[in-house]
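Only one structure is covered here, and it is reproduced in the block below.
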Amino acid sequence: MLDAKFIRENIDVLKNAIEKRGYEINLSGFLSSEEQRLALLKDVEELRNKRNVVSEEIGKLKKQGQDASNLVSEMKGVSDRIKEIDEVLKGIEEKTNSFLLNIPNIPHESVPIGKDETENVEVRKWGEPRNFDFEPLNHWDIAETLDIIDFERGAKIAGARFAVMKGFGAKLERALMNFMLDLNTSKGYKEIFPPILVNRESMIGTGQIPKFEGEYFRIVDPEFYLIPTAEVPVTNIHRDEILREDRLPIYYTAYTPCFRREAGSYGKDVRGLIRQHQFNKVELVKFSKPEDSHAELEKLTQDAEDILQKLGLPYRVVALCTGDMGFSSAKTYDIEVWLPGQQRYREISSCSNFEDFQARRANIRFKREGKKGTEFVHTLNGSGLAIGRTLVAILENYQQKNGTVIVPEALRPYMGVDIIR
RNA sequence: GGAGGGGUGGCUGAGCGGUUUAAAGCGGCGGUCUUGAAAACCGUUGUGGGGGCAACUCUACCGGGGGUUCGAAUCCCUCCCCCUCCGCCA
């Protein structure tokens, strides 16, 4: 969320940002309603001041046993007027608030300008896609041969976009979680295991709703949301808190299952493990001081890349352009892993700096030593990594002609075998 | 699910219709004293919004929302959360 005052004073900056993102938002209505709101605010505060002063007077008169009925009836009128204005003000403020909640973040100046994913910019590449002396298979074919993923029974138990992991499939899933958490915690990220059902305030805090309500699973009675990413509960750990400067930066890593409706993605990735309603992910979350956040984004992205390097999986890093970036983000790098079965790079991690956008929604602030007042922290997060997609990448990149899959060296202590057969 | 007790500033905790613009203590910050420190003493101490170049000033905030009243931390309604006991349960 952006600040109403900021928008009032920087209307052109916002106009420009919205245009670059390809959003269409009418800002002129906002400005005139702000004008009205501030005028009413001034009026009502003056009336309140009058009421405060006179009410105190009434108290004194009554204590002295004097008659104050004239003042009382006058103040009755003032109070009624305050109530009327408050009513109008409340209506305006509700509109303003829902307007503000639907304004996307302003892209950082370093973000490439473009309309969609075709204009994203490749930043760097790591590793060489392997040369196969046979036709590499899709992961669902490999998995079927090895009997480690059961899509049919996933559909029977739950529905489309659900899978049952079996045997070494299940174990690989678990090995990857542990491997990633161990690596991340060794770099100073504190391990968190948060609730995976959250309340509405938390979803608003990180920017998932109200704009994208339909993309998430919601339990109606009692009301809860199933988290689409650990970003939600972990960022909200510090909602409505004022942090001490010397606590920053804070690094968290969390494994959680994630749940997404995948509304609007019908026909996309219908086969395989790439796009499931439920998937596992290890997440990296940071809270930093504003001046450090972009350096922290670079480090966070490298921490995610390091996982792929240790697993020996070729990837590239892409800077998302203004038109492809998520609603809340000021800057995003996607990490895309090479999938031989599809002969292309696929997203396996998305690392973003939200600057103060989420912090403002979730009211996460910090206090500088010796300085008055508070500032919003900057929040960042990135997948480190999506487990299901990492498993897919391992199956496809490490497959052998005879249908077996070599276990990457870094995972062998977790798997207990060198080859999945 | 049933019964009861609570939610007040960074923390502890008083206040339960108008000398509270929230007492007191702890902590924090500044100072006096001291070779230095401790102790003692003195002063200071939150967050948001509006106005002002500024000193400053007005306003809101005692879990959230609503109501009663000239006036609400205090009374009423409602929701949320925490604690204790009973029941059930991984």
Side-chain angles (χ1 to χ4, degrees), chain A residues 1-10 30-101 193-205 218-225 233 236-248 250 257 356 358-377:
Chain A
M1 177 160 68
L2 298 171
D3 184 33
K5 191 173 175 179
F6 172 85
I7 295 178
R8 268 185 263 140
E9 289 166 1
N10 299 277
F30 172 76
L31 285 182
S32 63
S33 99
E34 272 297 279
E35 208 173 304
Q36 193 192 357
R37 185 175 72 84
L38 292 181
L40 286 172
L41 195 62
K42 201 179 162 207
D43 290 349
V44 81
E45 287 197 349
E46 272 166 19
L47 288 173
R48 254 193 255 276
N49 176 242
K50 185 172 184 185
R51 185 178 70 182
N52 287 345
V53 171
V54 176
S55 288
E56 200 181 320
E57 186 67 20
I58 292 171
K60 278 183 193 152
L61 289 175
K62 288 211 164 173
K63 187 151 274 183
Q64 292 164 14
Q66 296 186 40
D67 176 60
S69 53
N70 282 347
L71 289 178
V72 168
S73 65
E74 190 193 340
M75 284 309 103
K76 205 180 183 95
V78 170
S79 266
D80 287 345
R81 182 73 190 127
I82 289 173
K83 248 173 229 170
E84 282 171 36
I85 299 178
D86 267 344
E87 202 107 330
V88 178
L89 218 41
K90 204 175 138 195
I92 296 175
E93 273 162 8
E94 268 166 23
K95 270 192 206 154
T96 301
N97 204 256
S98 77
F99 174 83
L100 291 175
L101 285 173
F193 188 63
I196 60 177
L197 299 182
V198 297
N199 56 31
R200 195 177 162 77
E201 289 70 34
S202 294
M203 291 288 276
I204 290 174
R218 192 177 61 145
I219 296 171
V220 173
D221 185 23
E223 182 168 291
F224 284 111
Y225 287 83
N236 277 281
I237 285 175
H238 294 299
R239 171 150 53 87
D240 291 320
E241 289 184 14
I242 298 174
L243 302 166
R244 287 179 40 153
E245 181 180 18
D246 58 16
R247 281 193 68 185
L248 298 172
I250 296 171
D356 65 1
Q358 293 181 327
R360 197 181 297 278
R361 287 177 164 241
N363 195 25
I364 308 170
R365 293 168 293 171
F366 77 105
K367 209 181 176 65
R368 285 193 202 269
E369 206 74 44
K371 265 201 159 185
K372 269 212 158 230
T374 59
E375 289 176 52
F376 289 108
V377 301

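Values in this document were obtained by computation on a predicted structure and should not be read as measured data. Numbers restart at 1 for each chain; the letters A, B, ... are given by sequence-line order, proteins then strands.
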**Prompt:** How would you label the contact of A:Arg8 with the nucleic acid (heavy atoms, under 4.0 Å): base, sugar-phosphate, or nothing?
**Reply:**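 It contacts sugar-phosphate atoms only.
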**Request:** Answer with base, sugar-phosphate or nothing: what part of the nucleic acid does A:Ser69 contact at a heavy-atom distance below 4.0 Å?
**Result:** nothing
**Message:** Give me the stems containing RNA chain B, sorted by first residue, counting only three or more consecutive Watson-Crick or G-U pairs with both distances under 3.5 Å; say none if there aren't any.
**Reply:**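 Output for stems: B:1-7 with B:80-86, B:10-12 with B:24-26, B:27-32 with B:40-45, B:46-51 with B:56-61, B:63-67 with B:75-79.
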**Item:** Spacing of A:Leu89 atom CG relative to B:U59 atom P, expressed in whole Å
**Value:** 16 Å
Might you list the N or O atoms of the protein lying below 3.5 Å from N or O atoms in nucleotides 66-69 of chain B, with each pair's distance?
unit_1 : atom_1 : unit_2  : atom_2 : d
B:U68  : OP2    : A:Lys83 : NZ     : 3.3

Taking N or O atoms only and anything under 3.5 Å, show me the protein contacts with nucleotides 16-19 of chain B, one pair per line.
unit_1 : atom_1 : unit_2  : atom_2 : d
B:G18  : N2     : A:Ser55 : O      : 2.8

**Prompt:** Is A:Lys367 near enough to B:U47 that one of its side-chain N or O atoms lies under 4.0 angstrom from OP1 or OP2?
**Reply:**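 So the side chain of A:Lys367 is within the cut-off, an N or O lying under 4.0 Å from OP1 or OP2 of B:U47.
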**Message:** Contact list please: residues 33-40 of chain A against RNA chain B, heavy atoms, distance less than 4.0 Å, in numerical order.
**Reply:**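 Correct list: A:Leu38.
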**Request:** Output the single nucleotide from B:U47, B:G50, B:U59 whose closest atom is nearest the side chain of A:Lys5.
**Result:**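 Of the options given, the side chain of A:Lys5 lies nearest B:G50.
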**Request:** Can you figure out which of B:A60, B:G48, B:G46 approaches the side chain of A:Thr374 most closely?
**Result:**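 Nearest to the side chain of A:Thr374 among the choices is B:G48.
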**Message:** I'd like to check the salt bridge (charged side-chain N to carboxylate O under 4.0 Å, His left out) partners of A:Lys62; sequence neighbours left out, ordered by chain and number.
**Reply:**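 A:Lys62 satisfies salt bridge (charged side-chain N to carboxylate O under 4.0 Å, His left out) with no other residue.
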**Request:** Taking atom C1' in both B:G36 and B:G48, compute the distance separating them and give it to the nearest angstrom.
**Result:** 44 Å
Pairwise N/O distances under 3.5 Å, protein to nucleotides 77-83 of chain B:
none

**Message:** On RNA chain B, does the nearest nucleotide to A:Lys42 precede the nearest nucleotide to A:Arg365 from the 5' side, or the other way round? Give the residue.
**Reply:** A:Arg365
